[in-house]
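Following: one structure in structure tokens, then a few remarks.
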Amino acid sequence: MTTPHATKPADWNVVVTLPEQTFHEAWRVLSRWGQVRRTGYQNVLALRVADPDRFLADFSQAVAESPGLLNFVSHVVPAQRNFIFDSAEEFERQARDIALAWLPDLAAASFHVRLHRRGFKGVIATQPEERFLDAVLLTALAANGTPGRITFDDPDKVIQIETIDGRAGMSLWTREDLRRLPFLGVD
């Protein structure tokens, strides 16, 4: 099933969710790192930065120096990989390919997949997609002789997927990342 888009999905590599009533402050803070865009979803902004890893380090440092920045944003999620999709099948294929590329990082690890979907309602269902990717990874890990396991209680790794309409961003976070960077908002 294909869902046509009136326009090409916005080009972003960071998703930012906001608490109520902080739009202008968040826009001002985030614009120092890149181009901020409205998304059409309440309390969600998209950001395009030159280097997501550098942004993550800089934003983390800014929060350490001024913890009040987190009054303006709830979650800030840079994507390590992005892709555009027009259907559930295309989403699954591309997400699967990216997740399988991380197989060496997931070897013998506990993990889970977390999807935050915006758009494609009725086309992409969050929990079935998470279970699909979990199963693909478990099967591939077992076939490689490095079985993993799914856990939601303090996993070694988490694959986080954020979507805004027909664009997705994926990241692989370690337990240490999640502890050090609570603004990632994985769960």
Side-chain angles (χ1 to χ4, degrees), residues 1-3 5 9 11-17 41 44 46-47 49 51-57 59-60 74-187:
M1 175 179 190
T2 300
T3 303
H5 295 286
D11 184 20
W12 54 264
N13 53 12
V14 180
V15 173
V16 181
T17 60
Y41 296 93
V44 179
L47 178 63
V49 298
D51 179 349
D53 292 331
R54 178 81 256 154
F55 165 76
L56 183 60
F59 186 78
S60 181
S74 296
H75 301 114
V76 176
V77 186
Q80 297 162 347
R81 299 281 307 272
N82 288 93
F83 62 91
I84 294 173
F85 61 95
D86 284 325
S87 67
E89 296 79 18
E90 191 174 4
F91 172 84
E92 284 183 356
R93 180 183 55 76
Q94 292 189 73
R96 181 192 66 232
D97 291 349
I98 292 169
L100 287 172
W102 288 328
L103 219 54
D105 297 307
L106 296 170
S110 64
F111 68 94
H112 67 268
V113 175
R114 180 62 69 213
L115 168 62
H116 296 116
R117 179 197 52 77
R118 296 162 194 90
F120 277 74
K121 185 176 181 177
V123 177
I124 294 176
T126 299
Q127 290 179 343
E129 295 299 339
E130 291 171 344
R131 286 192 299 270
F132 165 76
L133 289 169
D134 285 339
V136 163
L137 291 167
L138 287 173
T139 300
L141 287 166
N144 284 351
T146 57
R149 66 184 178 86
I150 302 299
T151 186
F152 299 95
D153 184 30
D154 197 29
D156 297 318
K157 312 277 174 99
V158 174
I159 293 177
Q160 185 174 16
I161 307 170
E162 299 283 331
T163 72
I164 299 175
D165 297 321
R167 186 171 177 91
M170 289 180 66
S171 298
L172 175 63
W173 306 115
T174 65
R175 175 185 293 125
E176 294 74 27
D177 292 333
L178 298 175
R179 287 184 180 151
R180 184 174 48 87
L181 307 166
F183 54 80
L184 292 174
V186 170
D187 292 314

Output every pair passing side chain to side chain donor-acceptor pair (under 3.5 Å) with a member in residues 114-125, not counting sequence neighbours, ordered by first then second residue. Arg114-Glu130, Arg114-Asp187, His116-Glu162, Arg118-Glu162

Pairing residues for Ser110 by the side-chain hydrogen bond (donor to acceptor under 3.5 Å, both in side chains) criterion, not counting sequence neighbours: Asp156

Anything under 3.5 Å between a donor and an acceptor, one on a side chain of residues 131-145, the other on a protein residue two or more places apart or in another chain? List them.
{"residue": "Asp134", "atom": "OD1", "partner": "Val113", "partner atom": "N", "Å": "3.1"}
{"residue": "Thr139", "atom": "OG1", "partner": "Ala135", "partner atom": "O", "Å": "2.9"}

Of all residues at least two apart in sequence or in a different chain, which pass the ring pair (Phe, Tyr, Trp, His ring centres under 6.0 Å) check with Phe55? Trp33, Phe59

Can you pull out every ring-ring contact (aromatic ring centres under 6.0 Å, His included) where at least one residue sits in residues 141-181? Sequence neighbours excluded, please. His112-Phe152

Could you tell me which non-hydrogen atom of Gly119 sits nearest to which non-hydrogen atom of Tyr41, and how far apart they are? CA-OH, 3.1 Å

I'd like to check the salt bridge (charged side-chain N to carboxylate O under 4.0 Å, His left out) partners of Asp177; sequence neighbours left out, ordered by chain and number. Arg180

Residue list, side chain to side chain contact (heavy atoms under 4.5 Å, CB included) with Asp153, at least two apart or on another chain: Thr151

Please tell me if the side chains of Val77 and Val14 come closer than 4.5 Å, counting only heavy atoms from C-beta onward. no

Derivation of the side chain to side chain contact (heavy atoms under 4.5 Å, CB included) call for Thr163 and Phe120: CA-CA 9 Å; Thr163 72; Phe120 277 74; over 6 Å; no

According to side-chain hydrogen bond (donor to acceptor under 3.5 Å, both in side chains), who are the partners of Thr17, at least two apart in sequence or on a separate chain? His75

Got a sec, which residues hit side chain to side chain contact (heavy atoms under 4.5 Å, CB included) with Arg93, two or more places apart in sequence or on another chain? Glu90, Arg96, Asp97

Between CG on residue Leu106 and CG on residue Leu100, distance to nearest 0.5 Å: 9.5 Å

At their closest point, which heavy atom of Ser60 faces which heavy atom of Leu181, and how far apart are they? OG-CD2, 3.4 Å

Would you mind reporting whether Phe111 and Val158 have side-chain heavy atoms less than 4.5 Å apart? no

Residue pairs fulfilling ring-ring contact (aromatic ring centres under 6.0 Å, His included) with at least one residue in residues 91-110, sequence neighbours excluded: Phe83-Phe91, Phe85-Phe91

List the atom of Arg175, the atom of Asp154, and the distance in Å for their closest heavy-atom pair. NH2-O, 2.8 Å

Pairing residues for Pro52 by the side chain to side chain contact (heavy atoms under 4.5 Å, CB included) criterion, not counting sequence neighbours: Asn13, Val49, Pro78

More than 12 heavy atoms of other residues, nucleotides or ligands under 6.0 Å from CD of Glu176: yes or no? yes

Show the nearest heavy-atom pair for residues Lys157 and Ala109, with the distance to one decimal. CG-CB, 4.3 Å

Smallest separation among heavy atoms of Ala79 and Gly169, with atom names: CB-CA, 3.5 Å

Quick one: closest heavy-atom pair of Glu129 and Leu115, and the distance? CB-CD2, 3.9 Å

